[in-house]
Amino acid sequence: MEKNKSRVPISQQPYQIDPKKGNGEIGGTVTVEINGKPVQVPFGTTILDACREANVYVPTLCHHPDLFMGGHCRLCLVEVEGFRTLQASCAFPITNPLKINTTTNDVRKARRHVMDLLLSEHHGDCYACVRNNNCELQTLAKEMGVDTFNFGHTKESRFEIDNSSFSLLRDMDKCILCRRCVRTCIDLQEVGVLEAIGKGYDTHISTFMEKPLADVICINCGQCINRCPTGALRANDPSDEIWKAIEDPTKHVVIQTAPSPRAGIGEEFGLEAGTSLTGNLNTALRRIGFNKVFDTNFTADLTIMEEGTELLTRLKKALVDKDKEVALPQFTSCSPGWVKYIEHFYPEYLDHLSSAKSPQQMFGTIIKTFYAEEAGIDPANIVSVALMPCSAKKFECNRPEMNSSGYKDVDYGLTTRELAMMIKESGIYLPDEEKSHFDDPFGEASGAGLIFGATGGVMEAALRTAYELITGRQVPFENLRIEATRGFEGIKQASVKLEGCVPDWSFLEGVDLKFIVAHGTANAKKVMEMLKAGELKDVHFVEIMACPGGCLGGGGMPIPTTTEIRKKRAQAIYAEDESLPVRKSHENPFIDVFYKKFIPEGPCSHKSHKLLHTHYTKRGKYIV
Amino acid sequence: MHNEVINTIHQGGILFGNYSPGDAIKKALSIGRENILFELRESKLKGRGGAGFPTSTKWMLTAAAQSDEKFIVCNADEGEPGTFKDRVILTEYPWLVFDGMVIGGFTVGAKKGIVYLRGEYVYMLEQLNNYLDKMRKEGLLGKNIGGKAGFDFDIEIMLGSGAYVCGEETALIESLEGHRGEPRNRPPYPVNTGFNGKPTSVNNVETLAAVPHIVINGGTFYSTHGTSASTGSKLFSVSGDCERPGVYELSWGISIHELLEIVGAKDPKAVQVGGASGICIPKTQFNRKLAYEDVATGGSIMIFNESRDMLHVLKNFMEFFVEESCGQCTPCRVGNTKLLEGVEMIESGEYTFMYLNKLKELGKTMQLASKCGLGQSSPNPFLSILENFKEEIFQSNGNGVKHGKK
Amino acid sequence: MLVLEKNQISAEIEDLAGYYGGNRTALLPLLQFIQKKYNHISDFAQQEIARVLDIHPVEVYAVISFYSFLHSEPKGRNIVRLCRTIVCDMAGKEKVEKAVERELGIKFGETTHDGRITLEFTNCLGMCDQGPAMIVNERVYTKLDPEKACKILSEVK
């Protein structure tokens, strides 16, 4: 979030410490008294953060560590000496010594009153809610000892549910107007779909001209879902249809699982973030009735082959044929949120986008063509489900062009949360399941495909393969860790020098292969503005993921999400990569088999273009 | 003017006293910043919008803030029900406000002044702009004002669009910046981080109008009027059941009773002081004084005689707040609707005292927990009217007014 | 909407935004201008404003929905706003209200069939000393009684 370009009033952005004063210098820190105990904090720290520093609990609702300050809900009120009124601790920057009290009668009463007011407006029943037991409002109500609705509990529905979108569902009756989704959509992601509309009692969260979500420029990233404290925002859940398919004996139901859900689903079962349950999940999926369980990483490896070849072709056109028209840098196209973002916001640059389908869609096609043939099953009877960390994948599989198999390539996109619910519904406690392997013919994929789940992963996987194909040597990094692509910095830029190229690729000799990795569409926007300004002329490859942290921070992942949780998920993914025998896409043994058997002409050939590549739509920003 | 606006002014000696336009600017430029601030401090002038923050402190903080750009904003978003003094000042004495702004700009180091004029007052716009042009021609606005090299200042008028909450200074700034008029978190305060993030002093029309007089006559002259804590004069917008409604300039410290005499109130039973967000004073308390130390007010005086139904008055106020709350913070957005529901319960006779007591507690919380002055003061009429007129409201014996099942 | 009209709106928005420095500060003046000229702020105009100021269309809509004098749907050619605050109420607002409704055959909040007049309530107009008051477009009328109010409205084109 760039400070001054942001929509947020400057006064509501985090106070910045005067750069001349470091924390150690006079004026760099302030000592405050919290409940009688002195605490030293950096200048500009909010009271809330100071309280947490001092291990003093303060309840919050509209506050979210990923977002700018709110100060809307008024649950985190504290008493500050010298102020007539109570202060919202999440929005009060400390710039001078204060005496803070978090447990006075006024504070307790005010918090309870706020809670009562929120509940009086919150339409719905906890039993019948997707967020039951993982709802911040519910938790806080319990904490505050709510045993009766002091100011009533509305029985009247004020809003219609908006289920126009393939990905998201908005149930504004459950909205408590914390505006986290607004801050997510406008500030964090800079997509700008949701805003507070109206005034006074009529205030509600809505879209441009109250249009259904499917008609506005929502990219389906689902980041708002991850930050919604209640069940007001949720993913469009296909599990009923999937159950139906499982129950139908004529249907052959297969599921592909992406790496991020496997690293995150443990959280849904009360495990620490970053506990990978790949093997357990395979068993559980078969037990609940899926006929086959495949590893999406196989098509991630395939993506590397296709997208990598496409890049090398573009480079050849640019360097050897001196073709000025060729669009460089090439952008990755794995993230459906990002694809829709560029279709809306930068349609004039769509030729930069790799035409390779995302791993999910490649697999979808392969299942209903290659696999159907191999297994002798009529593709019309195959129901293909994709377990994804992502809400945008639901939209992606419903794109009309995604039918190169002759059928809808992927029938249902299922999120981590929804699958966890299905598993629980079946009476299975996932961590107790035995571990088992993926099904043949695709088997186990490479670690390169696995790290697609973290921001920078596609780049790292691509480099591992491309460098080796071009130079004949392994990438010169210890244990294949390309650190320049790792970590959660918004935009990472680095380069790898190509020396000693094999004859086929001699035109790349001495080229400094420059790449950029960005995650979150706010950062994507910055990269696109750089491209527009002509600053990316010497960059070759750009990886962009729509969600902060990459897929592991996706809109279908377990709630809550914070930087710490995302870091742990990333650690799990990188650790699993290092535990695998094969860690480069081109070394995945089945890749070779697959091409020989199915697409003998190789990557980016005519058949591969027909099945594994796609085209994009210039959507533009204009909302009709 | 093609409008049917008649300004009835009952002049006191200070704000509407003798003043020749531009004089105070010239004097201010000759005596310098420190002396202006000194006189202001001596005058003990407090913000006339209602909150009563010392103007000298506000200007001193703005002047002390480090920035390449500063602003003086005149808050002419006079939306408080029952208030119309700013209308009168701006239509009859605009030079007082503009001269005050120029002096403010000189004092705090601002180059630009902005008048945030409420949308309802758009009919004044042409006349005010004409007056600003005149000032430019006379060298009282523009570059090197009053011959003072390097002192550039100009005033622009921006229109509101019908939102009461924009009278709250940070909401006003939000509105100027092109946002929804939702109050900001404070701190930081506008004097540090105001319009476009720059130090900004937001002053009420009446406050700014007092400045030229203080500069010309000195702070001591001003502070001799009124009471020791509430100096100078105050404009009261008087309306309701009285013979002579209009704007009155009176000294602070006048009792409500005295004021009612002056305006010719017949048979008054209640006075709402400070508009919808103010408090309702019953007959028994008419000896209370209008001053920051007793009944503080931005100047709205609404008089209700014996025939009026106080529950109806309260309902009108609560409906106002439900609609005009910005909807941002929970206590104000939902709280006001709960209070309104409470009033409707009384109206229909379907209430319990237990629930009403809960609502009173809620009202007290709203005063403490709301984000801005609107939510903090919106329960005032609920609390004061239910307290001061409980016989009338609950015993249904007042003047044939009955509440209960119809 | 005709292409010509669209181009004209775009040009006007660009001009006025330029006058206010091309940043978001221009938003309210832009909205007020479009509203005054075209009687409402169409979704096309909203998106043009968003484009010129480099903000999201939903932010423009959010601002419009916040201010009671701005609207995104077409209303009558003349907007009549009657003050409903307590002092005007005590001075006889209800009689004026009823008379006007009867005269025009519509309720408050509605627009006449010929699109001539939209009736709305508004909060305090700052005319409490001369109530009941109403504002017709930008012009203020005070000390209304039913007959006077109806006469004023009959003269509105």
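Letters go in sequence order (proteins before strands), and every chain restarts at 1.
Interface residue A:Lys621: only backbone heavy atoms are found under 4.5 Å from chain C. Neither the backbone nor the side chain of C:Arg51 comes within contact range of chain A; no heavy atoms are under 4.5 Å apart.
Distance OG/C:Ser65 to NE2/A:His204: 7.0 Å, rounded to 0.5 Å. Atom-to-atom distance recorded for C:Ile64:CD1 and A:Met209:CE is 7.5 Å, nearest 0.5 angstrom. Rounding to the nearest 0.5 angstrom, the gap separating the CD atom in A:Glu195 from the NE2 atom in C:His56 is 9.5 Å.
Nearest heavy atom pair, residue C:Ala62 against residue A:Ile197, reads CA-CD1, 3.7 Å. For the pair C:Val58 and A:Ser206, the tightest heavy-atom approach, listed with the atom from each and the gap, is CG2-O, 3.8 Å.
Among residues 157-175 of chain A, no residue has any heavy atom closer than 4.5 Å to a heavy atom of chain C. When the heavy atoms of residues 99-121 of chain C are compared with those of chain A, none of the residues falls under 4.5 Å. Listed by sequence position, the residues of residues 226-236 of chain A in contact with chain C number zero, using a 4.5 angstrom heavy-atom cutoff.
Counting non-hydrogen atoms of neighbouring residues, nucleotides and ligands closer than 6.0 angstrom, the NZ atom of C:Lys36 reaches no more than 12 such neighbours. Heavy atoms from other residues, nucleotides or ligands lying under 6.0 Å from NZ of C:Lys151 number 12 at most.
Sorted by first and then second residue, the ring pair (Phe, Tyr, Trp, His ring centres under 6.0 Å) pairs with a member in residues 24-44 of chain C form an empty list; sequence neighbours excluded.
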